[in-house]
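Numbered from 1 within each chain, the chains take letters A, B, ... in sequence-line order.
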There are 2 protein chains.
Amino acid sequence: MTSEETLEQFNLRKTKIRIAVLDSLSQSAVAQSYSTMQNALHEFDRTTLYRTLLTLTEYGLIHKAYEENGESFYARCFGCTEQVHNHEHLHLKCSSCGGVECIEISDQLKSSLAQLPFQEINISAKGDCSACVSA
Amino acid sequence: MTSEETLEQFNLRKTKIRIAVLDSLSQSAVAQSYSTMQNALHEFDRTTLYRTLLTLTEYGLIHKAYEENGESFYARCFGCTEQVHNHEHLHLKCSSCGGVECIEISDQLKSSLAQLPFQEINISAKGDCSACVSA
DNA sequence: ACTCTAAATGCAACATTGTTGCAAAACAAA
DNA sequence: TTTGTTTTGCAACAATGTTGCATTTAGAGT
Ligand SMILES: [Mn+2]
Ligand SMILES: [Mn+2]
Ligand SMILES: [Zn+2]
Ligand SMILES: [Zn+2]
C-alpha cells in the first residue's frame, strides 16, 4: 500500500511531508533519527516535521523505536492501530553504523515478558545490525 | 559505606556536589531525573552537575536508568565497576508518580536475555511503582 | 599550617531539540 | 471555484547537551 493510500485510510490529509516521512520510513530497513530526517527533508520547517512525527505516531503509523542522548529514532509501524500497538520486538542500536533496527524476539522471551505486570515493555540493546554484519 | 568512603575507594576527589549526588541517589528508592537533581542542588552550576553525572557514570557509581522525551533518570549502581556493569534489571517508569524504579527480573527472563547476541540489553516498562502500589 | 599542582568548578557561549501561538498557505468537500 | 478547516512556516522561548577558559578547590608534599 502506498503512503497516500495509507493516509487516506486513516483519514489524514495527504500532505507533502507526511508522504515523504512515510515513504522514507517504509523504505528504510532501520529506524531513522530526527536529525537524519531533518536533513533529508530540509525543504520543510523543523516544526512541521516535529508535528508530523507527532501526528503519525498518534495514529499508530510510526513509533519512536529508540531514544538516547536526546536523539530519537522513528520506525514505521506494521500492524499497529491507534488503539492496539504491537511492538513486541527488540530495538537494536548498531555499534557500527549508528542505525536502529527492529528485531523479532524468540517466543520464549515473549512469554517471559508476557508474565510481567507492566505495560509498554521495551527492550533495547547494542550490537551489530544485520546490514553491518553481512557487510 | 558512606559517599565519602565510596569516592575515596575510587580515587575520586570528595567534592560537595559528588557527595550530594551520591547521598541523594543512595537514599532514594527511585531513580532521579536531571531536572529534579538540578532543583535540589541549585547551589551548584548545572554544568557542574552535568559533569558530575558524567564522572560518576564513567566510574560505575551511577547509571542512566531511563530516558524519555529528553528527560534522563539516574540511579545508584550496586555492584558495578568501571569494567563490569550489572544492570540485569527492568526500569519501570511509574504511571502515577512519574518516578523510575529499578526492578529485579525473573531467572527465566534473565536466561532468555542471556541468549541474545547483543550487549547492554535494557528493558523498560510502564506501570505502578512499588511505592504507589502500596499507597 | 603552608605551598604547590592537578583537578574541579562557575560562567559564558553556542547547538540541538521540544513546544506553542498565530498568520498564511494548502487541502478537501461542496 | 468557492469555502471552511487543517496544516504549514516562522518567530519565540525553554530545556538540555556540550565546550573553553579563568578561577577556585582538593589533596599531596613540605
Ligand atoms: Mn520497532
Ligand atoms: Mn537500574
Ligand atoms: Zn549497522
Ligand atoms: Zn510511583
Side-chain angles (χ1 to χ4, degrees), chain A residues 2-24 31-59 61-74 82 93 98 100, chain B residues 2-24 31-59 61-74 82 93 98 100:
Chain A
T2 66
S3 298
E4 282 92 339
E5 290 169 333
T6 303
L7 290 169
E8 206 160 336
Q9 186 184 334
F10 281 79
N11 278 321
L12 284 168
R13 291 198 176 180
K14 289 164 275 182
T15 67
K16 287 179 193 170
I17 192 170
R18 285 178 186 167
I19 295 168
V21 168
L22 276 183
D23 278 352
S24 179
Q32 294 187 15
S33 71
Y34 166 82
S35 58
T36 299
M37 289 189 271
Q38 174 78 59
N39 290 333
L41 305 171
H42 60 276
E43 69 258 38
F44 301 100
D45 188 82
R46 72 185 187 85
T47 312
T48 305
L49 175 57
Y50 165 73
R51 284 191 273 230
T52 297
L53 295 174
L54 277 186
T55 301
L56 296 181
T57 298
E58 185 187 340
Y59 280 79
L61 296 178
I62 65 174
H63 67 285
K64 189 187 281 190
Y66 190 79
E67 181 175 354
E68 188 183 29
N69 298 132
E71 198 171 21
S72 296
F73 293 76
Y74 294 86
E82 208 168 337
K93 169 77 171 173
V100 172
Chain B
T2 66
S3 299
E4 282 92 339
E5 289 169 335
T6 303
L7 289 169
E8 205 159 338
Q9 185 184 333
F10 281 79
N11 276 323
L12 285 167
R13 293 196 176 182
K14 290 165 273 181
T15 66
K16 288 176 192 171
I17 191 170
R18 286 178 185 168
I19 295 169
V21 168
L22 276 183
D23 277 352
S24 178
Q32 294 188 14
S33 71
Y34 166 82
S35 58
T36 299
M37 288 189 272
Q38 175 78 59
N39 290 333
L41 305 170
H42 60 275
E43 70 257 38
F44 301 101
D45 189 81
R46 71 184 188 86
T47 312
T48 306
L49 175 56
Y50 165 73
R51 283 191 271 230
T52 297
L53 294 173
L54 277 186
T55 301
L56 296 182
T57 298
E58 184 187 339
Y59 280 79
L61 296 178
I62 65 175
H63 66 285
K64 188 187 282 189
Y66 191 78
E67 180 174 357
E68 189 183 29
N69 298 132
E71 197 171 21
S72 296
F73 293 76
Y74 294 86
E82 209 167 335
K93 169 77 171 173
V100 172

If you go through the side-chain atoms of A:R51, does one of them form a donor-acceptor pair with the base of C:dT19 closer than 3.5 Å? no
Give a yes or no on whether a donor-acceptor pair under 3.5 Å exists between the nucleobase atoms of D:dG17, that is its base, and the side chain of B:R46.
yes
How long is the line joining [atom1] of [X] and [atom2] of [N], in whole Å?
{"X": "A:F44", "N": "C:dA25", "atom1": "CZ", "atom2": "P", "answer": "17 Å"}
{"X": "B:D45", "N": "D:dT24", "atom1": "CG", "atom2": "C1'", "answer": "14 Å"}
{"X": "B:I19", "N": "C:dA8", "atom1": "CD1", "atom2": "C1'", "answer": "13 Å"}
{"X": "B:Y74", "N": "D:dT16", "atom1": "OH", "atom2": "P", "answer": "11 Å"}
{"X": "B:L12", "N": "C:dA8", "atom1": "CG", "atom2": "C1'", "answer": "11 Å"}
{"X": "B:Q38", "N": "C:dG10", "atom1": "CD", "atom2": "P", "answer": "11 Å"}
{"X": "B:E4", "N": "D:dG27", "atom1": "CD", "atom2": "C1'", "answer": "15 Å"}
{"X": "B:L49", "N": "C:dT9", "atom1": "CG", "atom2": "P", "answer": "10 Å"}

Assign each of A:I17 and A:R13 the nucleotide of DNA chain D bearing its closest heavy atom; nearer the 5' end lies the nucleotide of A:R13
Of A:N69 and A:T47, the one whose nearest nucleotide on DNA chain D sits closer to the 5' end is A:T47
Side-chain heavy-atom pair [X], [Y] within 4.5 angstrom cut-off:
{"X": "A:K64", "Y": "B:N69", "value": "yes"}
{"X": "B:Y74", "Y": "B:T57", "value": "yes"}
{"X": "B:I62", "Y": "B:L22", "value": "yes"}
{"X": "B:L61", "Y": "B:L12", "value": "yes"}
{"X": "B:L49", "Y": "B:Y34", "value": "yes"}

At 4.0 Å (heavy atoms only), tell me whether B:S35 reaches a base, stays on the sugar-phosphate, or touches nothing. sugar-phosphate
By nearest-heavy-atom nucleotide on DNA chain C, the more 5' of B:G70 and B:K16 is B:K16
Does B:Y50 put a side-chain nitrogen or oxygen below 4.0 Å from OP1 or OP2 of D:dT18? yes
Check your understanding: OP1, OP2 of C:dA8 versus side-chain N and O of B:R18: anything below 4.0 Å?
Key -> yes
Picking from C:dC22, D:dT7, D:dT18, the nucleotide nearest the side-chain atoms of A:T15 would be D:dT7
